[in-house]
Protein chains: 2
Amino acid sequence: MPSNAGRAPFAMPVDDGAPPKIPRSDSALVELAMRKHVLLYGLIGGVLIAGLKFIEYRWLVVDHSVEIYGALVAAVFAGLGIWLGLRLTRPARHTETVVVREVRVEAPVEFVRDRDKVASLGITPRELEILELIAAGLSNKEIAARVFVSENTVKTHSSRVFDKLGARRRTQAVQLGKELRLIP
Amino acid sequence: MPSNAGRAPFAMPVDDGAPPKIPRSDSALVELAMRKHVLLYGLIGGVLIAGLKFIEYRWLVVDHSVEIYGALVAAVFAGLGIWLGLRLTRPARHTETVVVREVRVEAPVEFVRDRDKVASLGITPRELEILELIAAGLSNKEIAARVFVSENTVKTHSSRVFDKLGARRRTQAVQLGKELRLIP
DNA sequence: CCCAAAATCACCCATTCGGATGACGCGCCC
DNA sequence: GGGCGCGTCATCCGAATGGGTGATTTTGGG
């Protein structure tokens, strides 16, 4: 834009100034762009006023200092207004729309024991433990060795849990136990 | 979110001169909008000043009215600036943060038989069938009745599959079979 | 402290299961 | 035709399992 370089008083303060001191913020880019536009605006304003001034001179306007004063005030307050507007809307700019997208994750689907069912069937902790070991494929003897009891005890426990599950074989007990979410 | 949503209110007939550049990005769009508004602003400013000038002449404002004039200009331009600032930041307010939250979804994960493992273990279809029925909790006799063979045949099949799996008990065979994805 | 539930152990008996072995028939392929 | 894989069936035997009964000890709560 051609400026009236001849008129020193019209050198807009924004022209040489406006040091690009950009505050570090997430919207630094937007602010930079805006600053650019404030400059542009000032420039246009200056040209406009210059035009008016020229017209004023052409028409022998008495006092032109009022226009300069007004233009300066206008420019300054416009900048202030923009800045204020940005200030005021800053919190609003943090408005974000949270979109929750459900993503299918290959989850091992960790086991959750159905304690209610365990309770309703009257299965004791020990019996459940034995059932788990049966499901692991251990024999009564191995289970007895692992939990430090006699094989007879293991048999008793398993018999009881079979009874409570209505199972006649250990494989059936395992199947039912898994189905009823008593064991993993 | 349609990016031109913020643009719609600014569709002004004043600035057709602006080449309809294809908005490559949001920043380009913001700049375009801003240019429009700077032009509009300048126009309004010019009109305002002209109006004030007219008023000034009409009412023969004295020297003291300069303050009033300045204040008016300041107030008006400050308001304009605020309005402009708000307008300009509107696109920023549309900033949308997409938060992808991974949600564990119960995935049924239907069973897929590991045929390679079946083949590598040399397990025949019949043996696999028997293994499945064993896993279902059936006794050899029940299996025999279901597949219409003698119990001895079932025993042979199960013995073979136990051998191939390295299992010593049917519960262990079931456990291994599930672990190796041979059966559901 | 007492009681009931739970856990422990034992014995007996019948059934089931697992291992080993042998045999027969059928379809397939070299 | 002979070999091979697969499915079928059988017999014997020992081990494991399931069912029933009874008993003792431990434990937790009223």
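Quick note on labels: first sequence line is chain A, next is B, and so on, each numbered from 1.
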Atom pair [atom1]/[atom2] of [X] and [Y] - distance to nearest 0.5 Å:
| X | Y | atom1 | atom2 | answer |
| --- | --- | --- | --- | --- |
| Asp163(A) | Arg168(A) | CG | CZ | 10.0 Å |
| Ile123(A) | Leu180(A) | CD1 | CG | 8.0 Å |
| Asn152(B) | His157(B) | CG | NE2 | 11.5 Å |
| Thr156(B) | Glu151(B) | OG1 | CD | 10.5 Å |

(request) Could you tell me the separation between the CZ atom of Phe148(A) and the P atom of dT8(C), rounded to a whole number of Å? (result)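 Checked: the CZ to P distance equals 12 Å.
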
(message) Rounded to whole Å, please give me the gap between CG in Asn152(B) and C1' in dG22(C).
(response)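 Going from CG in Asn152(B) over to C1' in dG22(C) covers 13 Å.
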
Only counting residues at least two apart or in another chain, list the ones meeting side-chain hydrogen bond (donor to acceptor under 3.5 Å, both in side chains) with [X].
| X | result |
| --- | --- |
| Ser120(A) | none |
| Glu179(B) | Gln175(B) |
| Thr153(A) | Ser150(A) |

Are there any protein N/O atoms within less than 3.5 Å of an N/O atom in nucleotides 14-21 of chain C, and if so, which ones and at what distance?
unit_1  : atom_1 : unit_2    : atom_2 : d
dC17(C) : OP1    : Arg170(B) : NH1    : 3.4
dC17(C) : OP2    : Asn140(B) : N      : 3.1
dG18(C) : OP1    : Arg170(B) : N      : 2.5
dG18(C) : OP2    : Arg170(B) : NE     : 3.2
dG18(C) : O3'    : Arg168(B) : O      : 3.4
dG18(C) : N7     : Lys155(B) : NZ     : 3.4
dG18(C) : O6     : Lys155(B) : NZ     : 2.5
dG19(C) : O6     : Lys155(B) : NZ     : 3.4

Which pairs of donor and acceptor atoms, one on a side chain in residues 125-132 of chain B, lie under 3.5 Å apart (sequence neighbours left out)?
unit_1    : atom_1 : unit_2    : atom_2 : d
Arg126(B) : NH1    : Glu129(B) : OE1    : 2.9
Glu127(B) : OE1    : Thr124(B) : N      : 2.9
Glu127(B) : OE1    : Thr124(B) : OG1    : 3.3
Glu127(B) : OE1    : Lys164(B) : NZ     : 2.8
Glu127(B) : OE2    : Lys164(B) : NZ     : 3.0
Glu132(B) : OE2    : Arg113(B) : NH2    : 2.6

Using a 3.5 Å cut-off and no angle test, enumerate the donor-acceptor pairs between side-chain atoms of residues 141-149 of chain B and protein atoms at least two apart in sequence or in another chain.
unit_1    : atom_1 : unit_2    : atom_2 : d
Glu142(B) : OE1    : Arg169(A) : NH2    : 3.1
Glu142(B) : OE1    : Ser139(B) : N      : 2.8
Glu142(B) : OE2    : Arg169(A) : NH2    : 3.3

(message) Please determine whether side chain to side chain contact (heavy atoms under 4.5 Å, CB included) holds for the pair Ile134(B) and Val154(B), giving the CA-CA distance in whole Å, both sets of side-chain angles, and the decisive distance to 0.1 Å.
(response) CA-CA 10 Å; Ile134(B) 287 175; Val154(B) 175; 6.0 Å; no

(request) Under the side chain to side chain contact (heavy atoms under 4.5 Å, CB included) rule, what do Arg170(B) and Phe162(B) come out as? Steps first, then yes or no, please. (result) CA-CA 7 Å; Arg170(B) 39 177 58 210; Phe162(B) 291 171; 3.6 Å; yes

(message) Hydrophobic clustering (ILVMFWY, side-chain heavy atoms < 4.5 Å, transitive) - are Leu138(B) and Leu176(A) grouped together?
(response)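 Leu176(A) does not cluster with Leu138(B).
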
(request) Please check if Leu165(B) and Val174(A) belong to a single hydrophobic cluster, counting links between Ile, Leu, Val, Met, Phe, Trp and Tyr side chain heavy atoms closer than 4.5 Å. (result) no

(request) For each nucleotide in nucleotides 25-30 of chain C, reading 5' to 3', give B when a protein heavy atom comes within less than 4.0 Å of its base, S when such contact involves only the sugar-phosphate, and - otherwise. (result) ------

(request) Take the C1' atoms of the five end pairs on each side of the helix from dC1(C)-dG30(D) to dC30(C)-dG1(D), derive the two axes, and give their angle rounded to 10 degrees. (result)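 For the helix from dC1(C)-dG30(D) to dC30(C)-dG1(D), the axes at either end differ by 40°.
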
(request) Give the first and the last nucleotide of DNA chain D, reading 5' to 3', that has any atom under 4.0 Å from a heavy atom of chain A. (result)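 So the contact region on DNA chain D extends dA16(D) to dG19(D).
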
(message) Tell me which residues in residues 174-184 of chain B lie within less than 4.0 Å of DNA chain D, going by non-hydrogen atoms.
(response)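 Nucleic-acid contacts, sorted: none.
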
(message) Whether Thr153(A) contacts dC9(C) is assessed here as follows: a side-chain N or O lying under 4.0 Å from the phosphate OP1 or OP2. Is that the case?
(response)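 It does, given that an N or O in the side chain of Thr153(A) lies less than 4.0 Å from OP1 or OP2 of dC9(C).
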
(message) Using the side chain to side chain contact (heavy atoms under 4.5 Å, CB included) criterion, which residues pair with Asp114(B)? Sequence neighbours excluded.
(response)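 Once residues adjacent in sequence are excluded, the partners of Asp114(B) under the side chain to side chain contact (heavy atoms under 4.5 Å, CB included) criterion are Asp116(B), Lys117(B), Arg181(B).
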
(message) Applying side chain to side chain contact (heavy atoms under 4.5 Å, CB included), can you list everything that pairs with Ser159(A), at least two apart in sequence or on another chain?
(response) none

